[in-house]
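Written out below as structure tokens is the structure these notes cover.
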Amino acid sequence: MGCKAMLQLRPNCECCGRDLPPEAADARICSYECTFCAECVETVLHNVCPNCAGGFSSRPIRPVTERRPGVCLAKQPASASRIHMKYSRDEASAFARSVQGIDPAKR
Ligand SMILES: [Zn+2]
Ligand SMILES: [Zn+2]
């Protein structure tokens, strides 16, 4: 495929642990691909990644149909490695509160 590196589709929310399959509409990622569910991003993390202090965007859904040769979910499958953040919810929340007022361009 044309893209040199591809996004890691991680299998779960790194905060609450819920499954986030490739087709999940509520998966959120930071620029380092740290992956969380929309609920944790809103209610615990306040749109601040506990690992890097960056913000989140919706994770794009990787197409299941091979509409271009060699490019689809089956050819570049989702990651199976479950990851959990190394911070407690309280610590992640406190970190978010300390950073959320800073413009993302200046963090
Ligand atoms: Zn979550
Ligand atoms: Zn991050």
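One-based numbering, in listed order, for ligands and for the atoms of each.
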Handout entry: Carboxylate-amine/guanidinium proximity below 4.0 Å for Arg82 and Asp19
Key = yes
Problem - Apex the Zn ion (ligand 1) - arms SG from Cys13 and SG from Cys16 - angle rounded to 10° - result: 110°
Exercise for the section: Would you check if the Zn ion (ligand 1) lies under 2.8 Å from any N, O or S atom of Cys40? Expected result: yes
Handout entry: Opening angle between SG in Cys49 and SG in Cys52, taken at the Zn ion (ligand 2), to 10 degrees
Key = 100°
Handout entry: Backbone of Arg67 reached by a side-chain donor or acceptor of Thr65 within 3.5 Å
Key = no
Practice task
Measure from the ring center of Tyr87 to the ring center of Phe95 and say whether it is less than 6.0 Å.
Solution key: no
Practice task
State whether the side chain of Gln76 and the backbone N or O of Cys72 hold a donor-acceptor pair below 3.5 Å, judged by distance alone.
Solution key: yes
